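Notes follow once the structure below has been shown.
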2 protein chains.
Amino acid sequence: MYGWIGKILRVNLSDGTIGKEALKIDDMHNFIGARGLGTKIFYDEVDPQVDPLSPENKIIFMTGPLTGTLASSGGRYNVVTKGVLNGTIAASNSGGAFGPELKYAGYDGIIFEGKANKPVYLWINNDTVELRSAEDLWGKTVPETTDILKETTNDEAKVACIGPAGEKLVKFACIMNDYNRAAGRSGVGAVMGFKNLKAVAVRGTQGVKVADVSGFMNAINDARSKLKAHPVTGAGLAAYGTNVLVNILNVHGGLPVNNFSEAAVFPQAEKISGEFQAENNLVRNKGCFGCSIGCGRVSKNKGKYKAIGEGPEYEATWGFGSDIGVDDFEAICKANFLCNELGMDAISLPTTIACATEMLEKGIIPRDRSEMTWGDADTMVELTRMTAYREGFGDELAEGSYRLAESYGHPEFSMTAKKQELPAYDPRGQQGIGLNYATSNRGGCHVRGYMTAPEVLGIPIKADPDATEGKPELLKIFQDLTAVVDSAGLCLFITFGIGLPEIAEQYRTATGVDISDEDLLKAGDRIWTLEKLFNLKAGFTKADDTLPTRLLTEPMKGGPHQGMVVNLDAMVPVYYNIRGWDEDGVPTEDKLAELGLS
Amino acid sequence: MYGWIGKILRVNLSDGTIGKEALKIDDMHNFIGARGLGTKIFYDEVDPQVDPLSPENKIIFMTGPLTGTLASSGGRYNVVTKGVLNGTIAASNSGGAFGPELKYAGYDGIIFEGKANKPVYLWINNDTVELRSAEDLWGKTVPETTDILKETTNDEAKVACIGPAGEKLVKFACIMNDYNRAAGRSGVGAVMGFKNLKAVAVRGTQGVKVADVSGFMNAINDARSKLKAHPVTGAGLAAYGTNVLVNILNVHGGLPVNNFSEAAVFPQAEKISGEFQAENNLVRNKGCFGCSIGCGRVSKNKGKYKAIGEGPEYEATWGFGSDIGVDDFEAICKANFLCNELGMDAISLPTTIACATEMLEKGIIPRDRSEMTWGDADTMVELTRMTAYREGFGDELAEGSYRLAESYGHPEFSMTAKKQELPAYDPRGQQGIGLNYATSNRGGCHVRGYMTAPEVLGIPIKADPDATEGKPELLKIFQDLTAVVDSAGLCLFITFGIGLPEIAEQYRTATGVDISDEDLLKAGDRIWTLEKLFNLKAGFTKADDTLPTRLLTEPMKGGPHQGMVVNLDAMVPVYYNIRGWDEDGVPTEDKLAELGLS
């Protein structure tokens, strides 16, 4: 077996049994790995109608065939489950070194099923796999848990765990690995918390075999050279991290302000930009396993929020920044550090605070619930902590913006798609990203078809952001390619510098699977469609492929895209048609047959 | 260059200059490395009369030619300076992975001279070496400092640093590396503290070349096989750690109780034994870089001192245990964890508390200074913390037992040799260890000629512990061989399983130096004699080669060695003679010529 290990762990938390199973060859070839293969296994085993917080829900950690190889940025794994935040199929993706270590221990992935009676963690030491008590770890933060587990098991062990937020079933709790990397979205951490699964610690000392060693070395050298030569992957991300986007999106007029209620232009953007960070707070950049890009940030606060930590990424900077009207970069860093330490999604948490702030300012949420106002950095930091522990108003925030806004009778203030919070791009300034948000199989998300690349950055070509024509076609390619990248175990950021040919060549030489570029991209289509089938069976319909009313009806108040709304109606039917779905967004029998899903 | 890198860093803390210098070939051949070569450089550059706490004192971090190679247990480095505790030549030895990393960065060692105006740390990233501000690190514990530096510099960086104790110039402050490994004795941490040098962080990605690869592989495989086959290095130390000695020394009648004031038999020994630890507190064993023995302990407290940490070693278990009459193993662990976190020698600190306790019990130290009594575990733990911060009575303890006892007019209660606290073997039960303590060039110490091996453990042969005949001869061989082992960069524990031939073969094949076993042992003699020359020039005389009066005059009160005292007079003159020293313990001209030291 090349690329893949061919083996998966099955851990039943209810009865404590641990089994090792062979993966199915056909599934590996058809669904690649990680997000795709994890989804296939999940789809085959779990009723889409299951309550996410029930023993019948499962949670699958899955790597891809390029995870742990020398492929640049090949350090990723996915967590597949039915998401707590919105009940869609969740595949949360993370970097660091946990995924490679799992493969080096001899497993492509782990299926967790059932629910433990008491807190446990899984310790994987190559062939030896055991569930151990985590009663002493319950309540501990992510760094505390990680430190203790490394000390208890092996200094070189890699740890994925939940923090207090996951234990408290915060709806957007994430799973943290290697201290600061997050399988961030959909509330996958709450599934672990519900199952009483505090952590997975793994130590592996074996290797990953590739089929054609010299061919693979050529392929990865070609890919690494191109990544190095590209200004984004070779220089920009290393220098400024993802926060390079703050000024870019602000100039573009797409940086949402105050819960998307203002023009997407933030006057103080410079103070929260990657350039500001590099000059004032940056300690160093940091790469995940095998990464030649190194977008990660180590940041340092010098003032009253004195601390050293990782991040913030652009999304968190925006969420804790302009989306709440905050321009204190150290407060943003502090809130982000808290998200890492306590285990919360640094998109959904701040945007839920933004939603609450708007409703507080409008008097819809009574003032006795919170003193939060636009730009109040200190209260924002405190609310972050309170949410993880569900203290006071934090208990309401912990439910996410949709449930919060709905509980006060005004769901329209929740800037979500399928109840998951939207990220840092106002779709009224980018029609394509609007379609992306509306059709993403896990709800509001930018990394399921990152239309900002063509619409703002001009990668691979500059598309008119205000146009709807051609966007469905472009989006489908982006969605399918992203599914391939995620499933192979690579990082999406490589697609700034390389494309399908380079990715396919790495895949072929690593796995020995003889597949054309087109057929590999078709696997992405297959994965996307399977995710859609899950959601349809879970009860999602065409009516859910939409955006908040504000973005569809309230014209942008200023900036380059003044007057624009998202014209979804012009794009969704075309998109369905291109996908081979009927007018209700249901895949046709022909399409399913073409993909081998019928 | 093979084995050695051939290059040393010179860092002047006063003016901030950093230079790279070639090592002298002759010095490398004559003094091997680490302890020996560091001492040679120190001896050539520093006036032995220097005040240890002055800018004129230097501190040298030095590895050996086998450090960082595949030799089993070849992960060690030495810190050479004039010791703060007693003014002897100090060479404190530590494991972990710091030493290898320094070599991988391209340096055999570092010479620090002068004194920084403000706290700094040295960051070595292969070729790039810089002094950086450590003002944010001042006051931080060892794990805090290490975590921050790894986050700030490189996740794979190895860190050696001082804790609050070093900053506060505690006379027995140590230098900690890799969180829990200590260059423990002589107060080397206070030298760093005085110099405002908080830490050294190093990342190296180069290798160490060996001269004869296949010969070296044969040599290390032979050594590793023998270490694996020996019951002590292959099984005992992994299972019970050094605490396997608690029961052994207790049965032998050599486990000191209550500051050596009672028979060296502790009735509750079982409760602080390695066997008890393995059953109740042990999480796992742990090896240093490249070690096939794995004596390290990760221990866990479950009761009121709930914590996870490393150790305790036998010495600390005894010091915080029977030497203070304490039989609460979790309190011992806690006090040991505090020593690691705050950076204190876990021999000198507890034995200073033992000395203070005896003087408190006798009314010599007034009761208003401390409520400490024999067996008071809680106060012991609190005094440990207070000493690091020099709070209250801790400020007196921080001076070490000799200065403490002398300040109350009764130095005889200090169980020290050359003002350094004796370790865990009552010499009235082992004449040879008495001679070892009295003649050790750094004062009270067991790892400068570990006579417990022959006198108690029967390695390599069982010597009658009560006899004085033959002990000087045996001790000289042990001292010289230990100097070779320390200087090569190996761990002393290998000498339980292998001897001079195996060590010499590893040295020859690694370095390519054609030297006989005998001449290598002679290098040990040369190193020992050079240390002696330093001490003579520093003002030490024959009168200092002695033991506390108690051990020379108060017969052992019970146990197998009841009635014994140490008969130093029968051994010291013979020892001097065998060493080629005159009756005053001064090396003769002939001896110096023989060793090339004249």
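Side-chain atoms are counted along with the backbone in the values below, which use heavy atoms only and exclude waters and symmetry mates. As the structure is a computational prediction, the values presented were derived from the model and not from experiment. Proteins get letters first, then strands, A, B, ... in listed order; numbering begins at 1 in each.
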Stepwise side chain to side chain contact (heavy atoms under 4.5 Å, CB included) check, B/Ile308 with A/Asp147: CA-CA 10 Å; B/Ile308 287 181; A/Asp147 280 344; over 6 Å; no

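- Salt-bridge check for B/Asp136 with A/Lys302: failed, with every basic side-chain N at 4.0 Å or more from each acidic carboxylate O.
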Residues B/Val283, A/Glu151; criterion side chain to side chain contact (heavy atoms under 4.5 Å, CB included); working and verdict: CA-CA 9 Å; B/Val283 176; A/Glu151 185 75 355; over 6 Å; no

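- Under a cut-off of 6.0 angstrom, the local environment of CZ in B/Phe337 is crowded, with over 12 non-hydrogen atoms contributed by other residues, nucleotides or ligands.
- When heavy atoms are compared at a cutoff of 4.5 Å, A/Asp178 does not approach chain B at all.
- The shortest heavy-atom contact between A/Thr152 and B/Arg284 is O-CD, 3.2 Å.
- Proximity of B/Lys300 to A/Ile148: side-chain heavy atoms (C-beta onward) are nowhere separated by under 4.5 Å.
- Looking at B/Ser299, there are no atoms closer than 4.5 Å to chain A (heavy atoms on both sides), in backbone or side chain.
- Counting non-hydrogen atoms of other residues, nucleotides and ligands closer than 6.0 Å to NZ of B/Lys140 gives a total of 12 or fewer.
- For B/Tyr240, the OH atom is loosely surrounded, since the number of other residues' heavy atoms within 6.0 Å does not exceed 12.
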